[in-house]
There are 2 protein chains.
Amino acid sequence: MCQSSEVTTRTRRSQRRTEALSRERIVEAAVELLDAAGEGGLTFRALTERLATGPGAIYWHVANKDELLGAATDAVVAAALAVGPTGPPDPPQDGVRAVALGLFDATDEHPWLAAQLSTRLSRGPWASVTPRIFESVGRRVRALGVPEGDWFTATSALVHYILGAVGQNAANTANARTLGPDTNRAGFLDSASRAWEELDPDDYPFVRAVAKQLRDHDDREQLLAGVDFVLTGITARHLPGGQAHTPPAT
Amino acid sequence: MCQSSEVTTRTRRSQRRTEALSRERIVEAAVELLDAAGEGGLTFRALTERLATGPGAIYWHVANKDELLGAATDAVVAAALAVGPTGPPDPPQDGVRAVALGLFDATDEHPWLAAQLSTRLSRGPWASVTPRIFESVGRRVRALGVPEGDWFTATSALVHYILGAVGQNAANTANARTLGPDTNRAGFLDSASRAWEELDPDDYPFVRAVAKQLRDHDDREQLLAGVDFVLTGITARHLPGGQAHTPPAT
DNA sequence: ACCTGAACACCGTTCAAGT
DNA sequence: ACCTGAACACCGTTCAAGT
């Protein structure tokens, strides 16, 4: 943003630490490093420099790098899901959409988040992000009137879809940045689309046919469209004639 | 399987290479290492030992570790998707289910695959696995009668969901192994379920309510149920009354 | 209890040199 | 064209020592 990157980078090193070291401060610094340089940017060396300390000090507060990454992920997700829990309860479908968009925006701000989310999800149901997301989505599923026996299956389907789609979006923006500051997101999708068009016509007829749709699609719209597919499928099963679209045909 | 693990491990080192080194052989060895010890097991040192060569030789055939991981992923996915393309064309819904189960089984055999799939997917639409999976699913979407303008959205939704669900399953089996050879998959889900039950009742009422379903669920059934949600959503949009379940109520 | 910083083991990658 | 293997830069982590 501002032009004095030299100063901002240097400052902290020689600056005497004002606050004592704490797990919170470490996680905060980790998120900053991740935001600035991606997953590769988080090293204990960069962290010690930024916090003006040694590696041993960090290990006093945090077990290892994996735990630190997990804590950073959890902090960001918790903030993303803390959107408007107050106020009149949404229609459940809108609530699910809000959760999806919240995670969408969070990965937009923190491009490293998507990969972490799938990694953590894959680490087992006890990683702290998993219950968090499950709870947010699941409450809406319950409010939807889904019978209790299907809560887990329905919620899982929504969570899997949302995280997959959100990850895809994060990838697109992250990649656009990789191609250089001049290349924007549209430019990235454009070149990706061209790559699809150059695939073998015999092996990839379908992919070639949708190459243009890849270029022109809007990730946010697509995310919501997919959420609606799943919501429709969930409600159709039990509420005959149930549609995900709350407003009738207008 | 057999009891002579000592021999199998040692053998290759001193054994003179019979075939010349090739990209294929390297990828094959990489898959074996990944299968045996997970993603951490694939190092250039382990690879050189197994192939009885030096690192430089490997770099002659492969650009870097990332490309090697990508090639390993692609090889395994290609094999998984090569299920019954011959024979009479399936009903599209069955075809989608077959693709999902094919990937499910592949990640069961190669637990490292799931993380790679999401990583690759996240790397942009040109990673070779992406077109492959998109093509497999997309052909079925097209056969479903979805209007062309929605092909991309519908296929994306299915692919995102399938990969998410498949990844979750891979995580469960992989984690079960981590807990020790005596702990089986049921044991793992059991302890995970107990962890959910111990969450704060105020913060996680829903998660606690579905803890038992987590323990008792069958990943394969759940995968198919989710696929049906998405399929129903997709078809409901355009084919009024269209259901994912091909057989009527029997 | 909390922090320091040198040291360790290990990793991906390079490259001059061989055949 | 293909392979060798020593060397390099960098990483996560440890630990005896300080306060």
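So you know, we letter chains A, B, ... as the sequences are listed, proteins then strands, and number each from 1.
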Could you tell me the separation between the CZ atom of B:Arg23 and the P atom of D:dC2, rounded to a whole number of Å?
14 Å
CZ of A:Phe44 versus C1' of C:dC8: gap in Å, rounded?
16 Å
Using distance alone, with no hydrogens and no angle criterion, decide if A:Gln222 and B:Ser156 have a side-chain donor and acceptor under 3.5 Å apart.
yes
Please report, rounded to the nearest Å, how far the C1' atom of D:dC11 is from the CZ atom of B:Arg45.
12 Å
Between atom CD in A:Glu49 and atom P in D:dC11, what is the gap in whole Å?
11 Å
Using the test salt bridge (Lys or Arg N to Asp or Glu O under 4.0 Å), find all partners of A:Arg220 that sit at least two apart in sequence or belong to another chain.
A:Asp105
Test salt bridge (Lys or Arg N to Asp or Glu O under 4.0 Å) applied to A:Asp66 - qualifying residues, sequence neighbours left out:
A:Arg120, A:Arg123
Pairing pattern in dot-bracket form [Watson-Crick, G-U; both distances under 3.5 Å; | = partner strand] for DNA chain C:
||.|||||...|||||.||
DNA chain D nearest-nucleotide lookup for A:Gly56 and A:Thr43: closer to the 5′ end is A:Thr43
Between B:Ile26 (CD1) and D:dC2 (P), how many Å, whole number?
12 Å
To the side chain of B:Ala20, which of D:dC3, D:dT13, C:dC3 is closest?
D:dC3
Tell me which nucleotide among C:dG12, C:dT14, D:dC3 gets nearest to the side chain of B:Pro55.
C:dT14
With a 3.5 Å distance limit and no angle check, can you tell me whether B:Thr155 reaches the backbone of B:Phe152 through a side-chain donor-acceptor pair?
no
Figure out the CG/C1' separation between B:Leu51 and D:dT4, and round it to whole Å.
14 Å
Report the relative orientation of the aromatic rings in B:Phe44 and B:Tyr59; use parallel for angles under 30°, tilted for 30 to 60°, perpendicular for over 60°.
parallel
In whole angstroms, the gap separating P of D:dC10 from CG of A:Leu47 amounts to 18 Å
What contact category does A:Leu42 fall into here, base, sugar-phosphate, or nothing, at under 4.0 angstrom with non-hydrogen atoms?
sugar-phosphate
Whole Å only: how far is the CZ atom of B:Arg25 from the P atom of D:dC2?
16 Å
Just to verify, what does A:Glu39 make a salt bridge (Lys or Arg N to Asp or Glu O under 4.0 Å) with, not counting sequence neighbours?
none
Within residues 59-73 of chain A: residues closer than 4.0 Å to DNA chain D (heavy atoms)
A:Tyr59, A:Asn64, A:Lys65
Contacts of type salt bridge (Lys or Arg N to Asp or Glu O under 4.0 Å), residue A:Asp216, not counting sequence neighbours:
none
Between A:Phe134 and B:Tyr204, is the ring centroid distance below 6.0 Å?
no
Paired with B:Trp112, the side-chain contact (heavy atoms from CB on, under 4.5 Å) test is passed by just one of B:Leu42, B:Leu33, B:Thr73, namely B:Thr73
Which residue lies toward the 5' end of DNA chain D, A:Gly40 or A:Ala57, if each is placed at its nearest nucleotide?
A:Gly40
